[in-house]
Structures are given as C-alpha cells and as structure tokens.
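See structure below.
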Amino acid sequence: MTELFDIYDEHDVWIGTAERKEAHRLGLWHHTVHCWLVRREDREGRIAAKILFQQRSANKDTGAGCFDITAAGHLEAGETPEAIVRELQEELGLEVGFESLSEFGVVREQGSGVVGGAAYIDNEISRVYGLEVAMKLTEFRLQEEEVAGLYEADADELIELIEGRRELVHARGVALREGKLQAAEVEVARSSFVKRDLSYYVSIFKFLQALVRQ
C-alpha cells in the first residue's frame with residue numbers, strides 16, 4: 001500500500017502530499033514523532049533515571065541493529081502527533097493516552113545516505129515526547145519487524161557516553177530471540193546509537209532526568 005506523507009516547506013508550512021519514496025528521494029520536509037521512555041529508580045534517597053532505548057531490527061533499511069529512540073515513526077498524511085500512541089502500542093505493546101506524555105519540543109533533523117542502491121535525503125520535523133513508566137522490561141511486547149530488543153541504562157552514564165567522557169555504558173534489557181523475549185545485557189558505545197546530532201541525545205536525556213525528579 002502506498003504511504004503518503006504531508007510535506008512542508010522549510011518554514012514548516014504545509015505544501016501538499018507526496019509518497020514516502022518521493023519525499024525521501026527529493027528531500028521533502030515531513031513530520032515524525034518520537035517518544036522516549038524513562039523509569040524512576042530510588043537509590044538510597046536519591047532519584048536516578050533509567051532511560052529506555054530500543055535496538056532496531058537487523059532488517060531495517062537504515063540504522064539496522066543500532067540503538068535508537070524508544071518508539072518513533074513517520075506521520076502519514078492527515079495524522080497528528082497523537083499518532084505516537086499508536087507507535088508505542090505497535091512497537092512496544094504499551095497502551096497510554098496522549099495526554100499522559102510530556103512534550104520536549106520540536107527537533108529538525110537532516111540526513112542522507114543510500115538504501116538498496118538508491119540515494120535518499122531525509123528531512124524531518126519531529127515532535128518529541130517523554131513518558132515515565134513503571135513497567136518491567138519483560139512486560140513489554142516487541143514488534144519483531146521493527147524492534148530487536150529493549151534496553152535501559154543510567155541517564156548520567158549515557159550523558160557521559162554521548163559527551164565522550166566514557167567509552168562504554170552497560171545496559172540491561174530484553175531481546176527477541178526466536179520470537180521470545182529473553183534477558184540480555186550489552187555494552188553500548190556512542191557509535192552504537194543511530195547517528196544524530198549529539199546535542200539531541202544529551203538534551204533528551206537531561207529532559208528525562210528532570211521528568212522523574214518532578
């Protein structure tokens with residue numbers, strides 16, 4: 001089925017629709033939504049933030065096997081940012097109301113590359129949200145086509161990693177193996193994450209820290 005995007009000019013003014021393939025071939029601005037999940041952890045009277053991130057499926061066209069936003073997706077034509085609750089349900093089996101999300105803001109990202117021998121230009125305007133959860137990672141239901149695993153790590157350690165002040169962060173979580181969730185542990189490097197502006201990750205991680213300390 002053809003996937004249509006609403007497309008926008010550089011000022012985020014709607015100018016029409018285009019097929020997904022055309023939007024990426026021509027570098028047309030389109031909208032996406034991101035949602036990061038965070039868990040609160042009490043450590044002897046000090047509140048710490050455990051940030052959840054997904055490992056992308058090895059079958060993905062871009063960023064295969066990399067660590068990324070807990071849940072995210074493109075908005076199809078006519079959709080609003082409230083579609084993020086669908087992404088949370090589809091990718092993670094998490095059912096929440098849009099009103100429970102905390103808004104981080106709007107982020108613009110530009111990327112390019114080659115997929116299947118064809119060049120693409122990905123110009124995205126993303127609405128970004130955060131959500132504190134209390135669920136254990138074993139309680140999530142991962143969409144096998146999209147998500148290979150779900151992990152969590154300490155926010156302070158992740159910030160140090162992204163800022164280059166440490167080489168690795170130990171993360172615990174779950175991975176899909178033969179269609180079943182199994183406990184998993186990984187060592188995460190900065191290069192393990194999908195390539196983005198590093199300030200995006202740092203800003204989001206600090207935002208999520210503040211969220212659990214409210």
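All values below were derived from every heavy atom in this structure, side-chain atoms included, with hydrogens, water molecules and symmetry-related copies excluded.
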Around Glu185, counting heavy atoms of other residues, nucleotides and ligands shown, do more than 12 lie under 6.0 Å from its CD?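 Yes, CD of Glu185 has more than 12 neighbouring heavy atoms, counting only those of other groups under 6.0 Å.
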Tell me whether the count of non-hydrogen atoms from other residues, nucleotides or ligands lying under 6.0 Å of CZ in Arg172 goes above 12.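 For Arg172, atom CZ is not crowded (no more than 12 foreign heavy atoms under 6.0 Å).
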Exercise. What residues, two or more places apart in sequence or in another chain, satisfy side chain to side chain donor-acceptor pair (under 3.5 Å) together with Lys60?
Worked result: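 Side chain to side chain donor-acceptor pair (under 3.5 Å) check on Lys60 returns Glu146.
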Determine whether [X] and [Y] make a side-chain contact, defined as any pair of heavy atoms from C-beta on separated by less than 4.5 Å.
{"X": "Met135", "Y": "Phe140", "value": "yes"}
{"X": "Val133", "Y": "Leu94", "value": "yes"}
{"X": "Val194", "Y": "Phe67", "value": "no"}
{"X": "Arg141", "Y": "Gln89", "value": "yes"}
{"X": "Val188", "Y": "Phe193", "value": "yes"}

Taking 4.0 angstrom as the limit, do [X] and [Y] come out as a salt bridge?
{"X": "Arg108", "Y": "Asp12", "value": "no"}
{"X": "Glu178", "Y": "Lys180", "value": "no"}
{"X": "Glu22", "Y": "Arg25", "value": "yes"}
{"X": "Arg39", "Y": "Glu132", "value": "no"}
{"X": "Arg190", "Y": "Glu163", "value": "no"}

*asked:* Checking Asp42 against Ile47 for the side-chain contact (heavy atoms from CB on, under 4.5 Å) test, could you report, in this order, the C-alpha distance in whole Å, the side-chain angles of both residues, the deciding distance, and whether it holds?
replied: CA-CA 5 Å; Asp42 293 317; Ile47 296 174; 3.6 Å; yes
Once rounded to the nearest 0.5 Å, what's the spacing between atom [atom1] of [X] and atom [atom2] of [Y]?
{"X": "Ile159", "Y": "Leu198", "atom1": "CD1", "atom2": "CG", "answer": "13.0 Å"}
{"X": "Thr32", "Y": "Asn123", "atom1": "OG1", "atom2": "CG", "answer": "11.5 Å"}
{"X": "Glu109", "Y": "Trp29", "atom1": "CD", "atom2": "CH2", "answer": "9.0 Å"}
{"X": "His31", "Y": "Ile7", "atom1": "NE2", "atom2": "CD1", "answer": "11.0 Å"}
{"X": "Ile162", "Y": "Ile204", "atom1": "CD1", "atom2": "CD1", "answer": "12.0 Å"}
{"X": "His34", "Y": "Ile69", "atom1": "NE2", "atom2": "CD1", "answer": "3.5 Å"}

For [X] and [Y], work out which heavy atoms get closest and say how close.
{"X": "Trp36", "Y": "Val128", "answer": "CD1-CG1, 4.3 Å"}
{"X": "Ile84", "Y": "Cys35", "answer": "CG1-CB, 3.6 Å"}
{"X": "Arg56", "Y": "Thr62", "answer": "NH2-O, 2.7 Å"}
{"X": "Ala189", "Y": "Leu161", "answer": "C-CD2, 3.9 Å"}
{"X": "Ala18", "Y": "Leu28", "answer": "CB-CD1, 3.9 Å"}
{"X": "Leu181", "Y": "Thr138", "answer": "CD1-O, 4.0 Å"}

Cluster overlap [X] with [Y], hydrophobic side-chain contacts below 4.5 Å:
{"X": "Leu211", "Y": "Leu158", "answer": "yes"}
{"X": "Val38", "Y": "Val85", "answer": "no"}
{"X": "Leu75", "Y": "Tyr8", "answer": "no"}
{"X": "Leu101", "Y": "Tyr200", "answer": "no"}
{"X": "Val212", "Y": "Leu131", "answer": "no"}

Q) Where do Arg196 and Val107 land on the side-chain contact (heavy atoms from CB on, under 4.5 Å) test, with the steps shown first? A) CA-CA 11 Å; Arg196 301 179 184 278; Val107 174; over 6 Å; no
For the residue pair [X] and [Y], is the inter-centroid distance of their aromatic rings smaller than 6.0 Å?
{"X": "His170", "Y": "Tyr151", "value": "no"}
{"X": "Tyr129", "Y": "Phe104", "value": "no"}
{"X": "His30", "Y": "His74", "value": "yes"}

Determine yes or no for a side-chain-to-main-chain donor-acceptor pair under 3.5 angstrom, with [X] supplying the side chain and [Y] the backbone.
{"X": "Gln182", "Y": "Ala175", "result": "no"}
{"X": "Thr70", "Y": "Leu52", "result": "yes"}
{"X": "Ser203", "Y": "Ser199", "result": "yes"}

Using the rule given for side-chain contact (heavy atoms from CB on, under 4.5 Å), can you reason through Glu90 versus Leu88, listing the C-alpha separation, both sets of side-chain angles and the distance that settles it, and then say yes or no?
CA-CA 6 Å; Glu90 290 178 353; Leu88 288 165; over 6 Å; no
Under the salt bridge (charged side-chain N to carboxylate O under 4.0 Å, His left out) rule, collect the residues that match up with Arg20, sequence neighbours excluded.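 Listed in chain order: Glu3.
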Q) Can you tell me if Asp156 and Gln209 form a side-chain donor-acceptor pair at under 3.5 Å? A)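 Side chains of Asp156 and Gln209: pair found under 3.5 Å.
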Legend entry - Working for side-chain contact (heavy atoms from CB on, under 4.5 Å), residues Gln55 and Leu150: CA-CA 6 Å; Gln55 184 175 28; Leu150 184 65; over 6 Å; no
